[in-house]
Q: 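Okay, handing you the structure first.
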Amino acid sequence: MIETINKNIEIFISSLDGVSNDLVKAVINKSSTSISENLDNGHLTTNVCMVAASTLKLNPKELADNLEKNLNKLELYKEVKAAGPGFINITLHRKDFSSVLCRIIEAKEKFGKSNIGNNRKIQIEFVSANPTGPLHVGHGRGAVYGDVIGRILKATGSFVEKEYYINDAGRQIDILTASVILKIIQKELNGFFPQNAYKGEYIESIGKEFIINNIVKYDDVGSFLKDLSSDPEEEIDQIIVNLKRLDEKIWKLVKSFSLESIIKSIKNDLKDFNVDFDSWFNESSLGELSDSSSQISNSINKLKIDGMAYEKDGAVWLNTDSSGDDKHRVLVRDDGRATYFASDVAYHKNKVDRGYDDLINVWGADHHGYIKRIEASIEALGSNKKKLIVKLVQFANLFKKGKKVKMSTRTGEFFTLKDLIEEIGADAARFYYLSKQADQHLDFDLDLAKSDSKENIFYYIQYAHARIFSLEKKYKEMNPDLDINVEAIEEGLYKKCDNLIHEISKYPNVVNKSAVTLQPHLIIFYLRDLSQLFHSFYNDNHVLSESKDNMQSIVYCLSAVRQTIANGLNLLGIKPMQKM
RNA sequence: GCGCCUGUAGCUCAGCUGGAUAGAGCAACUGCCUUCUAAGCAGUGGGUCAGGAGUUCGAAUCUCUUCAGGCGCGCCA
């Protein structure tokens, strides 16, 4: 319908004196014909006259009056009216207006899906938390956000692959290994525990599990505690070296056991959170610098050959000028070890080589300073930095009984994602994480998310769904002979549902907009508005005591409302409730 | 100091490719359950859209600037 209107408008604009084809196109592109905010302004609205007025230097009101006459002559619409500063409001014929209901009832769970993504190949990398401890509530937000934009992009016709990058190489894993070993032999250490080791309870349980089938025994425990540095960073590094030297076999066993155990728990938590991944990428698969054929060596060599990386002060640096980064960045330290950044460069090269159109990275907002250097590395490796889309997710502050819950991985004091899911359920948690734009601070109020009160929007929406569900059930019990899919409303016999019909017709646009802007919260706000219209309708109209004809119309319409709510919730990875 | 984000009702937030009277929930006050789920509905009050300047027929929305808050600026990860 909107396409038809736009065509008519285009013909009208072209017919104006002295307007070139280019100008017509410019006006059409800049203007928008859309479903009106509100039924008072007709079913559809276009601002084309105001856009044309500024581009073509004409009077918007006069233009609107002319377009009004022009469109009315076509007799395609019930009414066309110029209004306000130059809007054109269009009222459709009854059948065109209510046709959305048939579309929904027919499309069912497909209503709202589209093909605007054009099969674009998109990779989303998210969470990617270091496997040194359980996921906490901070990771939860990025997890849901990445998962849901993946679902939304898929629903709008993109090909999506979701990936978790596991930092299973490097120093932090050594620290993890050392922490587990030290916990196992704790009794022999006279209370000694390095300041920079991980201290969470999970370290001890991993150790306990490990010694069920293994023996950890060092001949000379005291030897690796001698002459340790007073600097905590150096101290832990020394302990790592000593432990490896004392018994390399044990070291390797503990390391792989700990890693596996933590990765397994991360995967479990994500599964319980209804967040799924298509692939898990190990940093270790990028290989070592010492292996000249590894991916990490290849990337650095390519950069060097192309003159984008160079040696200075004993280190290898990447030239990051192309992205406007403040300074060049080190890839290989002067002691020959690769930096974390070097792995990331190789990892992004790997992603680019896999041939995606877009690479979306979901990062914690504290990493924003990192964007430019990654962009620079993509450019330096001969690709376009525009492929990379970094979405920053701000931290979520957790509030319990009005107080902020503090968190720190090092000391092991944190509220884990698992705790959160156990406390309020995965669905409510997902909902509240998504309830605000991802790049803004979120205050997550646990007590509110758990509460039975009306301020809990999650239940407000679920309640709307459950109410319709039970209404449909009762209707079928009362009228076993009547098919629910009756198109009575098309005849316009019952008009109290018009607000609802108008609102659900907006849903596909909401989904498209949230896909284009990568903003899932738009769907939440839309669902809240739709639920509100429904609850209001429900209070004013006692459905099951209406005449049979009306009842059919209403149930037909409410089924479409329920389907829309269900589709919206499913898109967010939240199960609609049938009963509350 | 530089960079990014934010400032909208008492509180929590929508609205931001410029468009019709700036919206919602909570809190406050007033009503609505012998009828389909009251985890609901209806109503009232509440705003210099942080301040200032600019662009425009039109600015919460764009530009500049001031103020306030958060975060980031390692040969850490």
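The structure presented is a predicted model; accordingly, all values stated were derived computationally and were not measured. In the text below, chain A, chain B and the rest are named by the order of the sequence lines, each starting its count at 1. Side chains are part of it too, since the values below use all heavy atoms of this structure and drop only hydrogens, waters and symmetry mates.
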Q: With sequence neighbours excluded, tell me which residues meet side-chain hydrogen bond (donor to acceptor under 3.5 Å, both in side chains) with A/Tyr164.
A: none
Q: Taking ring pair (Phe, Tyr, Trp, His ring centres under 6.0 Å) as the test, write out the residues that go with A/His441, two or more places apart.
A: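 Here no residue qualifies.
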Q: Would you tabulate the pairs of protein nitrogen or oxygen atoms and nucleotide nitrogen or oxygen atoms of nucleotides 33-36 of chain B closer than 3.5 angstrom?
A:
| unit_1 | atom_1 | unit_2 | atom_2 | d |
| --- | --- | --- | --- | --- |
| B/U35 | O2' | A/His542 | NE2 | 3.2 |
| B/C36 | O3' | A/Lys474 | NZ | 3.3 |
| B/C36 | O2 | A/Leu544 | N | 3.0 |
| B/C36 | N3 | A/Val543 | N | 3.1 |
| B/C36 | N4 | A/Tyr538 | O | 2.6 |
| B/C36 | N4 | A/Asn541 | O | 2.6 |

Q: Compute whether any side-chain donor of one residue and acceptor of the other, for A/His348 and A/Asn361, lie under 3.5 angstrom apart.
A: yes
Q: Taking both distances under 3.5 Å as the test for a Watson-Crick or G-U pair, what stems of at least three pairs does RNA chain B have?
A: B:1-7 with B:67-73, B:10-13 with B:23-26, B:28-32 with B:40-44, B:50-54 with B:62-66
Q: Indicate for each nucleotide in nucleotides 71-77 of chain B, in 5' to 3' sequence, whether protein heavy atoms under 4.0 Å reach the base (B), only the sugar-phosphate (S), or nothing (-).
A: BSSSBSB
Q: List for me each residue that meets ring pair (Phe, Tyr, Trp, His ring centres under 6.0 Å) alongside A/Phe469, sequence neighbours excluded, and say none if there are none.
A: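 Partners of A/Phe469 under the ring pair (Phe, Tyr, Trp, His ring centres under 6.0 Å) test: none.
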Q: Sequence neighbours excluded, which residues qualify as salt bridge (Lys or Arg N to Asp or Glu O under 4.0 Å) partners of A/Asp237?
A: A/Arg171
Q: What about A/Tyr145 and A/Tyr433, are their ring centers closer than 6.0 Å?
A: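 Ring-ring flag for A/Tyr145/A/Tyr433: false, centres at least 6.0 Å apart.
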Q: Mind telling me whether A/His502 and A/His43 have parallel, tilted or perpendicular rings, with 30° and 60° as the class edges?
A: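 A/His43 vs A/His502 ring planes: tilted.
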Q: Please identify each residue that fulfils ring pair (Phe, Tyr, Trp, His ring centres under 6.0 Å) with A/Phe534, with sequence neighbours left out.
A: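 If we apply the ring pair (Phe, Tyr, Trp, His ring centres under 6.0 Å) test to A/Phe534, skipping adjacent residues, the hits are A/Tyr538.
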Q: Not counting sequence neighbours, which residues clear ring pair (Phe, Tyr, Trp, His ring centres under 6.0 Å) with A/His465? List them please.
A: none
Q: For A/Arg467, what residues pass the side-chain hydrogen bond (donor to acceptor under 3.5 Å, both in side chains) criterion, not counting sequence neighbours?
A: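 A/Arg467 satisfies side-chain hydrogen bond (donor to acceptor under 3.5 Å, both in side chains) with A/Tyr463, A/His535 only.
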Q: Using the side-chain hydrogen bond (donor to acceptor under 3.5 Å, both in side chains) criterion, which residues pair with A/Asn167? Sequence neighbours excluded.
A: A/Glu283
Q: Check the interface with nucleotides 16-19 of chain B: list each N/O to N/O pair with the protein under 3.5 Å, or write none.
A:
| unit_1 | atom_1 | unit_2 | atom_2 | d |
| --- | --- | --- | --- | --- |
| B/G19 | O6 | A/Met50 | O | 3.4 |

